[in-house]
There are 2 protein chains.
Amino acid sequence: MLTAPDTIEYFAVAHGDMTDPFDDRISTCQGRLEDGDGDCLILGPGPALTYLAGVRESPSERHFLFVIPASGTPTVIAPAMYAAELEAAPVDRFRCWDDGDDPVAILEDTIADVGGPTNGDDYRILLDDRLWTTFAQDVRSIAPAASYGLASTVLEPMRLRKDARERSTLRAAADLADRVSMRLRQRGERVVGTTERELAAEIDSLLEREGGRSPAFDTIVAAGANGARPHHRPDDTVIESGDPVVLDFGASVPADLEAGEALYPGDQTRTIVFGGEPPAGYPEVHEVVERAQRAAVDHVEPGVTAESVDAVARDVIEAAGYGDAFVHRTGHGVGLEVHEPPYIVGGNDRVLEEGMVFSVEPGIYLEGEFGVRLEDLVLVTADGADRLNTTPMDWQP
Amino acid sequence: MLTAPDTIEYFAVAHGDMTDPFDDRISTCQGRLEDGDGDCLILGPGPALTYLAGVRESPSERHFLFVIPASGTPTVIAPAMYAAELEAAPVDRFRCWDDGDDPVAILEDTIADVGGPTNGDDYRILLDDRLWTTFAQDVRSIAPAASYGLASTVLEPMRLRKDARERSTLRAAADLADRVSMRLRQRGERVVGTTERELAAEIDSLLEREGGRSPAFDTIVAAGANGARPHHRPDDTVIESGDPVVLDFGASVPADLEAGEALYPGDQTRTIVFGGEPPAGYPEVHEVVERAQRAAVDHVEPGVTAESVDAVARDVIEAAGYGDAFVHRTGHGVGLEVHEPPYIVGGNDRVLEEGMVFSVEPGIYLEGEFGVRLEDLVLVTADGADRLNTTPMDWQP
């Protein structure tokens, strides 16, 4: 059942007198393009656009593109119906189009305007990694002889290290998830008898009540044998006495900006038995995952590789005999995306740097029995790691 | 404030003994490919994948692809952690990969297996219109000499005309929106004094209580001058006495399927003054939009073009002197996407056919004053149009 909150308060995290980062980011991006990464970068609605311009829109069938040349004026091409909302955006040049206009012609004109395909074969366009293929095909039809790459070549190195504003917003998002986590623990045995779907709705309501803008991703509540499926969706399964319940959630929190908007997610997982006796073997499995999680976090510091963090967690779980039951990577970066680089996974030799933020979330999944996953977000500091989540790992509420 | 529902019931629309449509759709798709549209179709998570296979997943950084050759066995490439959820999916061949594996190598092998790029220049690959560019670039790196088109060439003609199951699911979604609309009217003056955000949360709660799976899109509540922005997001604006309030919402409703899952949206707009005297000129503007909406729906029948429906609505509004204030197209198709073809817009000479379903939603937006939008979904029948929404258009609650 949903809980009716008394008041809903939305908040932004205060950062003192910081100025908005967008002008600097666009300059850095253009600098990297000029240094040879490409001639032009084209973004659609999505996290890259939010990062560079504070514009937060969902992709849709309407052409909404941000064209950033190595030199020249960056231009947003947008449906006219969004014009009013875009007034506050920190971008100087807009070209709006009405339904019935031809946005591809506007795109062609804009690309030509910034020195586009006249350069012929030597022209290199970097496309938003998330751009829908329908829009990418439009760009390719305009510049068929250009070479194409991904915008992440330029943007990923920028986005990997979080600035002070991003760090404090991510801290606030982690704190928020922690507060909700503690409230769930306080309910203890009263959770027994509700369905996964009801508990998920209640978590979403608590996330909002604590000040989150919205859940950062679909809240996972997976009871008993459902916990053995890492991406189980909450259903009508009733939480029984003794069921281990995997709880994986977080809310989006807005950064404090003068203009534009940017949301950063919380993401925390605990596995709790709200009442009764857990299944045989459960306490031991939980202890193994807890140990793996701690060992991995302890290993984090600038200079070690992402894959080595994964290996540390995996070694603990393999040594305990559960190697085959740890079916996913150890973690993922968080920022404007809930999943973004660095991925903490075998084969990723990326070296960790101060300012990176990612999850450390090993798990053991026993089909037909139960699952355990434990997750905190960590920030790489100058000489180690700072856990952003601080609530207990215990399986007892 | 959120209203706590007594019970939340999720329902699927019953269709008697219809068999699932996926095998037929995949056969039709392969037939069209064999007829020359392309050699291979590659989909990512999204509505096209749901249409062909009943698999409903959000796009993510993990490679999740459906490869459908003109002849041969269609293959889903998916992260192993989804394997359990995919067991029920009506697809015969899965190739799962673990974190740390190379999914691009699996994709290459799969494409080769179905007669891929050995065919050289003559090989044509159709990519999901919504596929993220990062995955499209992977395909292009495997088959750089192939030619590329969009999956919609094959799939759009299939998806445009809704089958009996889709029609009844869309009817159920429209009924659900209608029920919520009537409940809002019943509240009358009690709505005055709440904020847009509170009312939007209440609408979302009512949509769920009436049996919707989730809101089909971000619910729009736009009071007073906010109504002049067609895509205004609900904020802390208090609904005052006399404010016209634009209410645009709908819930997703699942089709009744043996295996797999498919959700269809409701989408309805009314503009209501819940209490007090409306602004000067408002009743007249509302009457113009109502007349435009009725004229456009009356015009719908097989054989007329999409743009002619737009023109009929626009003519009414222009004749009344508000042409510049109707800033968007008249409508959009609905199906597995809330916005999909046919688009009811100037320049679209697509001929309407029986079985198409789309919105008819003219509006007048007066900056600084108010906005009016009125929207019903309509189904093209053998000799006209069937309105799926049936609640009153009046602005009085």
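Not measured: the values here are computed from a predicted model. Protein chains get the first letters and strands the later ones, always in sequence-line order, with residue 1 at the start of each.
With a 4.5 Å cut-off on side-chain heavy atoms, R62(B) and R329(A) count as touching. Counting heavy atoms from C-beta outward, L150(B) and T133(A) have side chains that approach closer than 4.5 Å.
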* Using the salt bridge (charged side-chain N to carboxylate O under 4.0 Å, His left out) rule, take E208(B) and R197(A) through it: C-alpha gap first, then chi angles, then the decisive distance, then the call. => CA-CA 12 Å; E208(B) 195 172 10; R197(A) 214 191 299 260; over 6 Å; no

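Shown here are the salt bridge (charged side-chain N to carboxylate O under 4.0 Å, His left out) partners of R159(B), two or more places apart in sequence or in another chain: E337(B), E340(B). A search for side-chain contact (heavy atoms from CB on, under 4.5 Å) contacts involving V104(B) returns H63(B), D102(B), D138(B), I142(B), not counting sequence neighbours. Partners of E156(B) by side-chain contact (heavy atoms from CB on, under 4.5 Å), not counting sequence neighbours, listed by chain and number: S152(B), L160(B), P341(B), R350(B).
No other option in H232(A), R56(A), E307(A), H332(A) has as many heavy-atom pairs under 4.5 Å with chain B as R56(A). Among the candidates N348(B), L127(B), D99(B), the residue making the largest number of heavy-atom pairs closer than 4.5 Å to chain A is D99(B). Comparing T134(B), V345(B), D101(B), D310(B) by heavy-atom pairs within less than 4.5 Å of chain A, the highest count is held by T134(B).
Contacts of residues 360-371 of chain A with chain B at a heavy-atom distance below 4.5 Å are absent; not one residue qualifies.
Counting non-hydrogen atoms of other residues, nucleotides and ligands closer than 6.0 Å to CG of D218(B) gives a total of 12 or fewer.
Atom CG in D324(A) sits 9.5 Å away from atom CG in D98(B) (nearest 0.5 Å). The NE2 atom of H231(B) sits 8.0 Å away from the CD atom of E57(A) when rounded to the nearest 0.5 Å.
The contact between D128(A) and chain B is made entirely by backbone atoms, counting heavy-atom distances below 4.5 Å. Heavy atoms of Y148(B) lying under 4.5 Å from chain A belong to its backbone as well as its side chain.
Between P230(B) and M81(A), the shortest heavy-atom contact is CB-CE, 3.7 Å.
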